[in-house]
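Structure, as structure tokens:
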There are 2 protein chains.
Amino acid sequence: MTRFQNIAVVGATGMVGSTLISLLEERNFPVQKLYLLASDRSAGETISFHKKNYFVESINTFDFTKTDLCFFCASNDIAEKFAPIAALHGNVVIDKSSYFRMDPDVPLVVPEVNADALRTLPKNIIASPNCTTIPLAMALKPIYDAAGIARMNIATYQSVSGSGRDAVDELAEQTAQLLSGKPIKPKVYPQQIAFNVIPHIDAFEENGYTREEMKVVNESRKILDDPDLLINVTAVRVPVFFGHSIAVHLETRDDLSLKEALKLLGHAPGVKLFADPTRYPTPVHDAAGQDVTFVGRVRKDISHPKGISFWVVCDNVRKGAALNAVQIAEFLNQ
Amino acid sequence: MTRFQNIAVVGATGMVGSTLISLLEERNFPVQKLYLLASDRSAGETISFHKKNYFVESINTFDFTKTDLCFFCASNDIAEKFAPIAALHGNVVIDKSSYFRMDPDVPLVVPEVNADALRTLPKNIIASPNCTTIPLAMALKPIYDAAGIARMNIATYQSVSGSGRDAVDELAEQTAQLLSGKPIKPKVYPQQIAFNVIPHIDAFEENGYTREEMKVVNESRKILDDPDLLINVTAVRVPVFFGHSIAVHLETRDDLSLKEALKLLGHAPGVKLFADPTRYPTPVHDAAGQDVTFVGRVRKDISHPKGISFWVVCDNVRKGAALNAVQIAEFLNQ
């Protein structure tokens with residue numbers, strides 16, 4: 001039974017929004033009426049969906065009684081202001097911003113991991129996790145269930161598309177300017193991102209971690225329903241266009257052999273495992289444009305008797321954002 | 001008292017060799033006679049030193065009785081074949097290859113960390129460590145001495161210059177080709193390195209780690225003289241030209257406050273600390289072309305009562321290779 005018929009996509013002209021619209025088409029998501037919403041600035045643009053052109057409307061004047069499902073692919077500000085209005089008018093809201101993620105009345109969901117959290121929707125709002133947390137949770141889940149996780153050390157290699165279209169343009173422009181010997185002027189990032197790595201994503205917190213790092217900690221805890229899970233993160237922006245990578249060094253509670261870990265990861269829903277220890281996924285070669293989360297370089301940690309380390313790569317715009325939101329809607333539609 | 005007078009640089013035309021020659025000039029290293037050696041292929045090239053041109057000679061026909069100090073900036077094969085010959089003829093050899101690093105009769109030295117290992121030279125050969133191990137050891141040493149280190153989790157962000165001049169050319173060429181829509185063909189690296197990250201440096205070992213990762217483990221143990229030190233590494237190549245970065249997550253044996261850690265790192269020889277928790281070094285902005293090792297993002301690990309995490313950046317060609325070798329010679333010359 002199809003539950004939703006009339007759908008709005010908020011932030012339709014952004015990178016996640018436009019990818020989400022493509023995914024709705026690609027996956028034949030049942031849509032009766034589609035409304036594409038954005039800021040006043042983008043209103044009037046046209047976007048094609050199933051060979052039909054749609055005008056982008058301003059969210060400021062939209063009547064949310066016309067829809068029953070809203071994908072929010074916009075900023076925290078937009079989510080804060082409009083998601084409650086949409087929900088009040090009877091919509092289910094699936095929000096990719098971080099605004100509602102830690103709200104106890106808002107489920108934070110990766111369908112392959114904790115779809116059961118969708119059973120009750122106290123606010124009619126569902127949050128989609130951070131683009132690093134999603135693939136991480138997918139790889140962690142089977143291990144967590146089988147052997148528990150005592151602690152994790154994580155270092156990320158995050159692509160610029162995680163910061164939106166302006167950041168993708170900035171990397172391309174800076175790179176071209178540097179190759180032709182022209183001076184560059186960073187705008188999206190605090191420093192040159194071309195041919196550089198920057199250990200600074202989102203604002204710094206009091207404890208010395210960045211907000212991005214704390215998102216991975218807090219969201220992983222909520223998704224795995226383990227508020228005490230010990231996680232230490234260094235989050236780093238790298239000059240890659242699409243695809244986030246994560247070096248995961250984890251310690252299980254119970255013994256877990258390499259063979260068992262490989263078996264668990266090999267059967268994890270939505271995960272493609274590189275079981276051969278000499279093969280591994282990378283953003284360009286494997287993840288960009290793909291829907292699954294890739295895991296490779298699985299090995300017993302030589303420094304810890306219960307340590308397992310591996311490497312995770314995922315298209316941050318697709319499974320890390322747009323696809324996860326669509327999959328939540330598909331689950332609700334079942 | 002100056003000990004060495006006649007000096008050979010083996011691998012003089014390579015990236016580390018040519019940087020080393022510049023450093024000898026820049027630092028006014030006392031040189032009576034200088035011999036620049038390379039393979040037959042590079043013999044005949046000229047290199048300037050203190051405004052005088054030197055012809056590059058073939059190592060195959062060189063008479064090592066003419067020198068008393070040889071810098072080897074070449075491959076393992078060259079070190080294996082020629083370093084013992086040079087040593088036999090009365091030279092002190094300072095070798096940057098990995099060939100002799102784990103030999104118990106060869107000191108493995110970062111002068112700021114373990115210069116005392118230079119007191120005896122059973123083989124007249126000294127090894128300079130891996131370009132990731134050097135800056136890591138510099139940051140670890142004061143913490144190790146003050147509080148001990150129980151275990152470390154490390155993830156690296158290593159620049160292409162660590163693979164030599166061909167790799168620097170490959171990143172530049174691939175980037176230009178991709179920006180102009182031309183097909184690329186990886187040569188130095190197993191996959192496209194431009195706009196990508198590759199968790200594969202050097203060959204894979206039986207235990208699932210790469211040789212590069214095991215170098216960091218084994219060399220850190222030797223330099224800190226702690227054969228049981230527990231270290232877990234993921235080593236990753238990133239599209240950066242110069243400067244290796246390292247996310248260090250360590251657990252001390254004794255309690256160490258953030259304030260104490262900052263004080264120790266602030267006084268570490270050869271280390272420049274970014275003490276402000278909202279500032280941090282990057283390869284492009286800080287490390288490239290510089291001699292010191294940069295440390296920033298020092299923070300108490302929220303996942304471990306004795307955890308300290310930080311971020312290390314260093315010019316891998318200078319302090320990570322050429323400069324460290326020159327500093328070893330300077331120490332011996334004192």
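Heavy atoms only: backbone and side chains are in, while hydrogens, waters and symmetry mates are out. The sequence lines fix the lettering, A, B, ..., with proteins before strands; numbering per chain opens at 1.
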> Most heavy-atom pairs under 4.5 angstrom with chain B, which of A:K300, A:M152, A:E213?
Replying inline: A:E213

>> So for B:E206, is it side chain, backbone, both, or neither that comes closer than 4.5 Å to the heavy atoms of chain A?
In response: neither

> By a 4.5 Å heavy-atom criterion (distance strictly below it), what part of B:V217 contacts chain A: side chain, backbone, both, or neither?
Replying inline: side chain

>> If I measure from the heavy atoms of chain B, does A:T210 come under 4.5 Å with its side chain, its backbone, both, or neither?
In response: both

> Would you say the side chain of A:T282 lies within less than 4.5 Å of the side chain of B:V197, judging by non-hydrogen atoms?
Replying inline: no

>> So for B:S180, is it side chain, backbone, both, or neither that comes closer than 4.5 Å to the heavy atoms of chain A?
In response: neither

> Taking every heavy-atom pair that is under 4.5 Å apart, which of B:N153, B:I154, B:V233 has the most such pairs with chain A?
Replying inline: B:N153

> At a heavy-atom separation under 4.5 Å, does A:L179 approach chain B through its side chain, its backbone, both, or neither?
Replying inline: side chain

>> What I'd like to find out is whether the side chain of B:T234 reaches to under 4.5 Å of the side chain of A:H249, using heavy atoms alone.
In response: yes

>> Can you tell me which portion of B:V238 sits under 4.5 Å from chain A's heavy atoms? Options are side chain, backbone, both or neither.
In response: side chain

> If you count heavy-atom pairs under 4.5 Å between each of B:P277, B:P239, B:G307, B:A203 and chain A, which one has the most?
Replying inline: B:P239

>> Can you give me the closest heavy-atom contact between B:N196 and A:V284, atom names plus distance?
In response: OD1-N, 3.0 Å

> chain B heavy atoms under 4.5 Å from A:S245: which part of the residue, side chain, backbone, both or neither?
Replying inline: side chain

> Relative to chain A, which segment of B:L258 carries a heavy atom at a distance below 4.5 Å: side chain, backbone, both, or neither?
Replying inline: neither

>> Below 30° counts as parallel, above 60° as perpendicular, anything between as tilted: where do the rings of A:F195 and B:F241 land?
In response: tilted

> Heavy-atom distance under 4.5 Å to chain B: side chain of A:E173, backbone, both or neither?
Replying inline: neither

> Parallel, tilted or perpendicular: which describes the rings of B:Y280 and A:F204, with under 30° parallel and over 60° perpendicular?
Replying inline: tilted

> Looking at A:P199, A:S159, A:A288, which one has more heavy-atom pairs under 4.5 Å with chain B than the rest?
Replying inline: A:P199

> Considering only heavy atoms, which portion of B:F242 lies under 4.5 Å from any heavy atom of chain A: side chain, backbone, both, or neither?
Replying inline: neither

> Taking everything shown except B:K306 itself, do over 12 heavy atoms lie less than 6.0 Å from its NZ?
Replying inline: yes

> Tell me, side chain or backbone of A:T278 under 4.5 Å from chain B's heavy atoms, or both, or neither?
Replying inline: both

>> Given heavy-atom pairs under 4.5 angstrom as the criterion, report whether the side chain, backbone, both or neither of A:P190 touches chain B.
In response: side chain

> Do you know which of B:A176, B:S309, B:P283, B:G296 has the most heavy-atom pairs under 4.5 Å to chain A?
Replying inline: B:P283

> If you round to the nearest 0.5 Å, how far is CD1 of A:I302 from OH of B:Y209?
Replying inline: 4.5 Å

> Most heavy-atom pairs under 4.5 angstrom with chain B, which of A:I198, A:L178, A:T175?
Replying inline: A:T175

> A:Q192, A:H304, A:M214, A:R297: which one forms the most heavy-atom pairs within less than 4.5 Å of chain B?
Replying inline: A:R297

> Any idea which heavy atoms bring A:L230 and B:S303 closest together, and the distance?
Replying inline: CD1-O, 3.6 Å

> Any salt bridge between B:E205 and A:R299, counting N to O under 4.0 Å?
Replying inline: no

>> I want to check something: taking the side chain as every heavy atom from C-beta on, are B:D301 and A:R151 in contact at a cut-off of under 4.5 Å?
In response: yes

> For the residue pair B:V236 and A:Y157, what are the closest heavy atoms and their distance?
Replying inline: CG2-OH, 3.3 Å

